Every structure is written in structure tokens, then in C-alpha cells.
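Let me begin by presenting the structure, written as C-alpha cells, before commenting on it.
Below, each value reflects all heavy atoms present in this structure, side chains not excepted, and no hydrogens, waters or symmetry copies. Everything numeric in this text was worked out from a predicted model, so none of it was measured. Counting convention: from 1, in listed order, for ligands and their atoms alike.
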Amino acid sequence: MAMTELPGGTFSLAEDLTVTRVGYGAMQLAGPHVFGPPADHDEAVAVLREAVALGITHIDTSDFYGPHVTNQIIREALHPYPEDLHIVTKVGARRDADGGWPHARKPDELRQAVHENLENLGLDALDVVNLRLGAVDGPEPGSVVEPFTALVEMQQEGLIRHLGISTVSAEQIAEAQSIAPIVCVQNFYNVAHRDDDALIDSLAEQGIAYVPYFPLGGFTPLQSDTLSAVAAELGEKPMAVALAWLLQRSPNILLIPGTSSVAHLRDNVAATALTLPPHALEQLDSIAG
Ligand SMILES: NC(=O)c1ccc[n+]([C@@H]2O[C@H](COP(=O)([O-])OP(=O)(O)OC[C@H]3O[C@@H](n4cnc5c(N)ncnc54)[C@H](OP(=O)(O)O)[C@@H]3O)[C@@H](O)[C@H]2O)c1
């Protein structure tokens with residue numbers, strides 16, 4: 001197992017794929033509304049280099065961030081990539097001229113997206129590709145068979161090493177697993193949005209990573225009186241407590257908080273060293289989902 005100084009240690013998604021549990025989500029590096037170039041290009045490059053310097057070996061991205069912009073900045077900042085760095089991407093949507101996020105889940109659209117990720121990241125194969133299903137903020141019913149099978153074919157061709165799935169229900173995960181193994185699930189979850197509590201436990205039993213997006217609330221920063229009260233009592237910021245809580249919640253949880261700021265990145269990594277005492281955990285557990 002790879003060594004890391006980062007709190008939480010590492011998690012093995014597969015035999016050839018171990019990452020630090022403290023990772024980084026690159027969505028915030030694109031421009032406003034995740035569209036177009038970043039407000040501060042040099043800061044975006046600096047954030048990525050600082051993430052690696054801090055010991056992070058897991059970066060989450062997608063070619064539809066920007067679109068293309070975020071992956072191109074990752075390549076500019078970090079290529080040739082350190083051997084232990086793993087870039088996890090996602091496919092299943094595209095951007096329209098207005099910055100909308102229409103679905104792009106047909107086999108030919110997924111193939112195009114995989115090739116665009118490879119090109120913009122400067123890779124011959126993608127370590128993990130998540131199939132992004134669902135609506136903006138939660139799963140939608142429907143079969144995963146056609147799009148997931150398309151990704152399995154690209155895995156068999158060597159374009160993708162491992163598969164994950166995003167914004168899905170337990171039933172859809174089981175349907176995907178009946179076709180091919182998955183190494184991670186990426187869904188909306190944080191201390192105040194806990195629909196997936198049972199799912200996390202079941203994935204932990206299977207050794208599958210659960211990667212919560214919007215760990216800090218995403219576009220609507222986390223707000224909870226209980227979270228603020230616990231943070232005040234501990235002399236910490238609410239966001240720090242929210243990240244520490246996730247790291248303590250289950251050993252299969254991987255953190256990918258997003259930021260466009262080196263200072264926030266450092267704060268977020270520092271926050272993960274915080275050990276929440278039992279009475280704080282009890283109060284946080286009482287926050288309604
Ligand atoms: N699978 C999916 O459908 C999906 C959907 C959404 C996101 N994701 C992934 O999940 C990652 C995380 O989600 P996210 O970035 O949307 O949301 P998030 O991590 O919950 O929150 C990011 C927001 O928090 C702010 N922030 C971060 N650290 C802060 C700090 N220390 N102090 C104050 N503000 C702070 C950021 O602003 P600053 O830039 O100013 O720091 C940004 O506005 C994304 O980067 C992306 O890789 C996946």
C-alpha cells in the first residue's frame with residue numbers, strides 16, 4: 001500500500017489503484033458556472049500543483065467542466081503526471097452554448113467523451129471513468145444497461161482501467177454490477193444531506209469507495225445551526241468540521257472538496273486532521289438529511 005502523510009491514509013479502489021482518502025475535486029477550476037476559462041488561470045495551476053505537493057494522489061474531474069478547460073489546466077499544471085497520481089473523470093453529459101448540461105449518454109456520445117478526456121488530459125488510458133446518470137441533484141429511475149455496457153466495451157479495449165457510477169440508486173448500482181465490477185460510486189452527500197447512509201455502509205462491506213460530491217454543499221454552501229454550534233464549540237470553521245465528519249463517517253469515503261483557491265485547499269487539507277470527539281459526532285448525526 002502506498003504511504004501518505006495525509007489524514008485518513010489511503011484506500012485501494014483496485015489492486016493497481018490506491019489513492020489518498022483526501023483528494024481534490026477540480027470542478028471549481030473552470031470559469032463561473034463551470035463554464036469557460038478560470039477567473040485566475042495562474043491560481044488554478046497553483047491549486048493543482050499545491051494539491052500534489054500536499055500529497056494528494058486523487059483528482060476528480062470531467063471534460064464537461066469548462067468544457068475541456070479544466071482537463072486542459074490539469075494537463076498544463078501536472079503533465080507528465082507523477083506515477084502515484086490518479087485522475088478520475090466522468091462522462092454522461094455535455095455542455096450546450098448557454099452553459100447547460102444536457103445528457104450525453106448514447107454509446108457514440110460516451111465514446112467521444114472518453115476520447116476527449118484522453119486527449120485533453122494527455123493520457124493513453126483513463127484510471128477511472130464514472131458514468132454520470134441521474135438529474136442535477138439526485139438519481140432518476142431507469143436502466144443503466146446501454147450506457148454502462150458502452151463503457152465496459154471501452155474498458156475491454158484498454159481505454160479505461162476501472163469503472164464507477166454517479167448519481168445512482170442502489171438498484172442501478174446492482175444492475176451495473178451484474179454487467180461488470182465497479183470500484184466507486186459518486187453521489188451527492190454531506191453532513192446535512194444523508195440520503196445515502198445505508199448505501200455507504202453496504203458499499204463499505206463490498207470494499208467499494210463512496211465519493212461524495214458537494215461535500216461542502218456545492219453551489220449552496222452548507223448551512224446548519226448544529227454544524228455552526230459544533231464548530232464554534234471546537235474552535236473550528238463549519239467547513240472544516242464538515243470535511244472531518246466525512247472522513248470519520250466511513251473508511252470507504254474519499255474526499256474531493258472543490259476549490260479554486262490555494263488558501264482554501266490548504267485549509268481543507270488541514271481540516272482533515274481534526275478528530276471529532278464522540279459528543280460532536282452525536283450532535284452532527286442529529287442534523288436532518
Ligand atoms: N458526479 C457529479 O455529478 C458531481 C457533481 C458535482 C461535483 N462533482 C465533483 O465533486 C467535487 C466537489 O464538489 P463541488 O466543488 O461542487 O462542491 P464543494 O466541494 O461542496 O464546495 C465547493 C465550494 O466551496 C468553496 N470552498 C471550498 N473550500 C472552502 C473553504 N475552505 N472556505 C470557504 N469556501 C470554500 C468553493 O469556493 P472557492 O473556490 O472560493 O474555494 C466552492 O464554492 C467537484 O470539484 C467535482 O469534482 C461531481
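- The existence of a salt bridge linking Arg111 and Glu157 is confirmed by a sub-4.0 Å separation between a basic side-chain nitrogen and an acidic carboxylate oxygen.
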Taking distance alone, no hydrogens or angles, what donor-acceptor pairs closer than 3.5 Å link side-chain atoms of residues 268-277 to residues at least two apart or in another chain?
residue, atom, partner, partner atom, Å
Asn268, ND2, His264, O, 3.3
Thr272, OG1, Val269, O, 2.6

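- Between Arg105 and Glu146 there is no salt bridge, since no side-chain N of the basic residue sits under 4.0 Å from a carboxylate O of the acidic one.
- Less than 6.0 angstrom separates the ring centroid of Phe214 from the ring centroid of Phe219.
- Ion pairing of Arg249 with Asp201 is present here, as a side-chain N (NZ or NE/NH1/NH2) and a carboxylate O approach within less than 4.0 Å.
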Measure and list all N/O to N/O distances between ligand 1 and the protein that fall under 3.5 angstrom.
residue, atom, partner, partner atom, Å
ligand 1, 1 (N), Ser166, OG, 2.8
ligand 1, 1 (N), Gln186, OE1, 2.8
ligand 1, 3 (O), Arg132, NE, 2.6
ligand 1, 3 (O), Arg132, NH2, 3.2
ligand 1, 15 (O), Gln28, NE2, 2.8
ligand 1, 16 (O), Gln28, NE2, 3.4
ligand 1, 19 (O), Gly258, N, 2.8
ligand 1, 20 (O), Pro215, N, 3.2
ligand 1, 20 (O), Leu216, N, 2.6
ligand 1, 20 (O), Gly217, N, 3.2
ligand 1, 20 (O), Gly218, N, 2.8
ligand 1, 28 (N), Asn268, ND2, 3.0
ligand 1, 31 (N), Asn268, OD1, 2.8
ligand 1, 39 (O), Ser260, N, 2.8
ligand 1, 39 (O), Ser260, OG, 2.6
ligand 1, 41 (O), Thr259, OG1, 2.5
ligand 1, 41 (O), His264, ND1, 2.5
ligand 1, 45 (O), Gly25, O, 3.1
ligand 1, 45 (O), Met27, N, 3.1
ligand 1, 47 (O), Asp60, OD2, 2.6

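- Looking at Lys90 and Asp60, a side-chain N of the basic residue comes within less than 4.0 Å of a carboxylate O on the acidic one, giving a salt bridge.
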